[in-house]
Amino acid sequence: MSLYHHMGDHAGLLRALSDRVYAQALQGVGEAADHRAEIRGLLVRYYQAVARHPQLTQAIFATPDAFEGVTRQITERLTALMTGTTVEPILWRDILIDHAHGSGMAVASARGDKAKTRRMQEQYELALDCLLKHLTK
């Protein structure tokens with residue numbers, strides 16, 4: 001009960017957890033040389049957070065009210081960056097976020113195998129680079 005006294009409800013607790021976990025994704029925002037570099041950096045950091053905490057990501061999917069705070073800031077930042085990068089910003093934002101979610105949550109299958117986890121991240125980044133090459137304005 002003391003947690004809910006401070007957080008309000010289940011969604012509030014998830015928001016507080018996600019703000020803490022996903023805050024690293026917003027580090028360095030606005031420091032990249034161009035939009036694509038910032039998009040890449042933001043998504044790689046987000047992927048890493050999802051990979052470390054896949055259950056939190058699933059819990060947020062199941063609790064739409066938890067989608068506030070940092071998770072909304074990440075989405076809004078990507079939307080703004082995509083608007084300056086492609087004629088279909090929402091479509092590409094959703095594709096890239098879904099790619100980060102799916103790839104990040106798949107890392108749970110490699111828990112304890114650092115070499116496999118590293119290969120999975122390398123594959124994620126290669127695929128991300130391929131997707132980013134296809135953004136056109």
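Start at 1 with the first residue, then count along the sequence. Here the structure is a predicted model, which is why all the values come from computation and not from measurement.
Tracing side-chain contacts under 4.5 Å through hydrophobic residues (I, L, V, M, F, W, Y), one reaches Phe61 starting from Leu13; they form part of the same cluster. Hydrophobic clustering keeps Val87 apart from Leu131 (ILVMFWY residues linked when any side-chain heavy atoms are closer than 4.5 Å, directly or through intermediates). The hydrophobic clustering, which links ILVMFWY residues whose side-chain heavy atoms are closer than 4.5 Å, places Val50 and Phe67 apart.
When atom types are taken as modelled, the side chain of Asp19 and the backbone of Gly69 share no donor-acceptor pair closer than 3.5 angstrom. No side-chain donor-acceptor contact under 3.5 Å links Arg93 to the backbone of Leu78. Counting only distance, with no hydrogens or angles, the side chain of Arg77 and the backbone of Leu42 share no donor-acceptor pair below 3.5 Å. Remark: side-chain polar atoms of Thr71 are paired, donor with acceptor, to backbone N or O of Glu68 under 3.5 angstrom. Formation of a donor-acceptor pair under 3.5 Å by the Ser103 side chain with backbone atoms of Ala100 is not found in this model. Side-chain atoms of Arg45 come within 3.5 Å of backbone atoms of Gln27 as a donor-acceptor pair (strictly under, hydrogens ignored).
In this structure, Ala49 and Val21 approach most closely via the heavy-atom pair CB-O, 3.9 Å. Scanning both residues, Ala106 and Ser109, for their nearest heavy atoms gives O-OG, 2.7 Å. Residues Ala11 and Asp65 share a closest heavy-atom pair of CB-CB, 3.7 Å. Thr86 and Trp92 get closest at one heavy-atom pair: OG1-CD1, 3.5 Å. When all heavy atoms are compared, the tightest approach of Pro54 to Ala108 is CG-CB, 3.9 Å. Considering every non-hydrogen atom in both Leu14 and Ala66, the closest pair reads CB-CB, 3.6 Å.
In this structure, NE2 on His101 lies 10.5 Å from CD on Gln58, to the nearest 0.5 angstrom. Separation of atoms CZ (Arg15) and CG (Leu17) is listed at 11.0 Å; rounding is to 0.5 Å. Atoms CG and CG, from Leu132 and Leu96 in turn, are 6.0 Å apart once rounded to the nearest 0.5 Å. We find the CG-NE2 distance between Leu81 and His35 to be 6.0 Å, quoted to the nearest 0.5 Å. Atom-to-atom distance recorded for Arg40:CZ and Arg36:CZ is 13.0 Å, nearest 0.5 angstrom. Once rounded to the nearest 0.5 Å, the distance linking CD1 of Ile74 with OG1 of Thr79 reads 11.5 Å.
Aromatic ring centres of His53 and Tyr22: separated by at least 6.0 Å.
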Residue pair Ser18, Leu56: steps toward the side-chain contact (heavy atoms from CB on, under 4.5 Å) verdict: CA-CA 7 Å; Ser18 67; Leu56 177 59; 4.3 Å; yes
side-chain hydrogen bond (donor to acceptor under 3.5 Å, both in side chains) between Arg52 and Gln24, intermediate numbers included: CA-CA 12 Å; Arg52 280 193 305 278; Gln24 69 156 17; 2.9 Å; yes
Verdict with supporting geometry, Met82 and Leu91, side-chain contact (heavy atoms from CB on, under 4.5 Å): CA-CA 9 Å; Met82 290 296 169; Leu91 174 67; over 6 Å; no
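Considering only heavy atoms from C-beta on, Gln121 stays 4.5 Å or farther from Val107 through its side chain. Counting heavy atoms from C-beta outward, Tyr47 and Leu128 have side chains that stay 4.5 Å or more apart.
In this pair, His99 and Tyr124 present their aromatic rings parallel. The plane angle is below 30°, not in the 30 to 60° band.
Shown here is Arg20, whose CZ atom has no more than 12 heavy atoms of other residues, nucleotides or ligands within 6.0 Å.
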